[in-house]
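Each residue takes its place number in the sequence, starting with 1.
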Amino acid sequence: MTRGKQKIDAQRRNAERNQKSKGSQLEARAVGLKVVCPICKVQLANEKQLTDHYGSKHPKEKPPSTSNTE
C-alpha cells in the first residue's frame, strides 16, 4: 500500500492513462465502411459482405453488380 504523495501521484497517472483511451471511433468507422446497400442504406465494408447481406436481409432481390455499389 502506498501512502500520501505516492498514492495521489499514482491516482493522477492512472486518470491520465484512462482519459487517453476514451474517445469516439466514428471517424475510423466511417473510413472502414465503404459499400452501402441501395435498399436499406446499411453501410458495409466490402462487396462480399454486401452479397451476404442480400442473402439474409433481401433474399428475393438480386445483389447489384460491383459497378453499382458506389
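- We find the CD-CG distance between Q49 and D52 to be 7.5 Å, quoted to the nearest 0.5 Å.
- Within the 4.5 Å cutoff, side-chain heavy atoms of R17 are placed close to those of N14.
- Y54 and V42 fall within the same hydrophobic cluster, where Ile, Leu, Val, Met, Phe, Trp and Tyr residues are linked whenever their side-chain heavy atoms come under 4.5 Å apart, directly or through other members.
- Residue L44 holds its CG atom at 6.0 Å from NE2 of H53, rounded to the nearest 0.5 Å.
- A pairwise comparison of heavy atoms in V36 and Q43 identifies CG2-CG, 4.2 Å as the closest pair.
- Contact annotation: the side chain of C37 approaches that of H58 to within less than 4.5 Å [non-hydrogen atoms, C-beta and beyond].
- Here the closest non-hydrogen pair linking T51 and P63 is CG2-CB, 4.3 Å.
- Take R12 and apply the salt bridge (charged side-chain N to carboxylate O under 4.0 Å, His left out) test, not counting sequence neighbours, and it matches D9, E16.
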